[in-house]
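Here the structure comes first, spelled out in structure tokens, and everything after it is commentary.
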Amino acid sequence: QVQLVESGGGLVQAGGSLRLSCAASGRTFSNYAMAWFRQAPGKEREFVAAISLSGRSTNYADSVKGRFTISRDNAKNTGTLQMNSLKPEDTAVYYCAAGPTSSRYYNTNQWNYWGRGTQVTVSS
């Protein structure tokens, strides 16, 4: 089992920045790929970004490309999502996920472990 705990969410004005963190415990974090998803009220959970086991490979949703950066520190068992130039449409609960490497990283079913989420609210 891998336990994931997100932090760093909050209220920010449009154009601002937030940095989300995901703290992992349990099994060896470096054995798992990691991703961030988000879910807005009334909408399905959607892919945001993913990062490989080593951190050398990343993927992003088109909606956040160029604004968000995913990273990880395997020595500290943590992952981060740096979010810049935030927009009101970025408002959602953000979830950290861990699981095996998969070409279908954008699919929620590919991820075995999930955190409980952290709320991000962007005001206009």
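One-based numbering along the sequence shown.
Contact check for Leu4 versus Cys22: side-chain heavy atoms found under the 4.5 Å cut-off. Inter-residue side-chain proximity for Met34 and Ile70 is flagged as met; some heavy-atom pair is nearer than 4.5 Å. Side-chain contact between Leu20 and Glu6 is absent, with no heavy-atom pair separated by less than 4.5 Å. A 4.5 Å side-chain heavy-atom check between Arg38 and Val120 finds every atom pair outside the cut-off. When side chains are defined from C-beta on, Trp114 counts as touching Thr108, because their heavy atoms get closer than 4.5 Å.
Contact between Ala23 and Thr78 at its shortest, heavy atoms only, is CA-CG2, 4.4 Å. Nearest heavy-atom pair across Thr91 and Val122 is OG1-N, 2.9 Å. Among all heavy-atom pairs drawn from Ser124 and Ala14, the shortest one is CA-CB, 4.4 Å. The nearest pair of heavy atoms linking Ala97 to Trp111 is CB-CB, 3.8 Å.
Ion pairing between Lys87 and Asp90 fails under the 4.0 Å rule for side-chain N and carboxylate O.
With sequence neighbours left out, Tyr105 forms a ring-ring contact (aromatic ring centres under 6.0 Å, His included) with Phe47.
Going from atom NZ of Lys65 over to atom CG of Asn59 covers 8.0 Å, rounded to the nearest 0.5 Å. Rounded to the nearest 0.5 angstrom, Asn77 CG and Ser30 OG are separated by 7.5 Å.
Each side chain to side chain donor-acceptor pair (under 3.5 Å) pair with one or both residues in residues 7-17, not counting sequence neighbours, appears once here: Ser17-Asn84.
Listed for the Arg45 side chain is no donor-acceptor partner under 3.5 Å among the backbone atoms of Tyr95.
Classification of the Phe68-Tyr94 ring pair by plane angle, with boundaries at 30° and 60°, yields tilted.
Under the 4.5 Å side-chain heavy-atom criterion for ILVMFWY residues, no single connected hydrophobic cluster contains both Val64 and Phe37. Hydrophobic clustering (ILVMFWY, side-chain heavy atoms < 4.5 Å, transitive): Val48 and Leu18 are in one cluster. Under a hydrophobic-cluster definition in which Ile, Leu, Val, Met, Phe, Trp and Tyr are linked whenever side-chain heavy atoms come within less than 4.5 Å, directly or via other members, Val12 and Trp36 are assigned to the same cluster.
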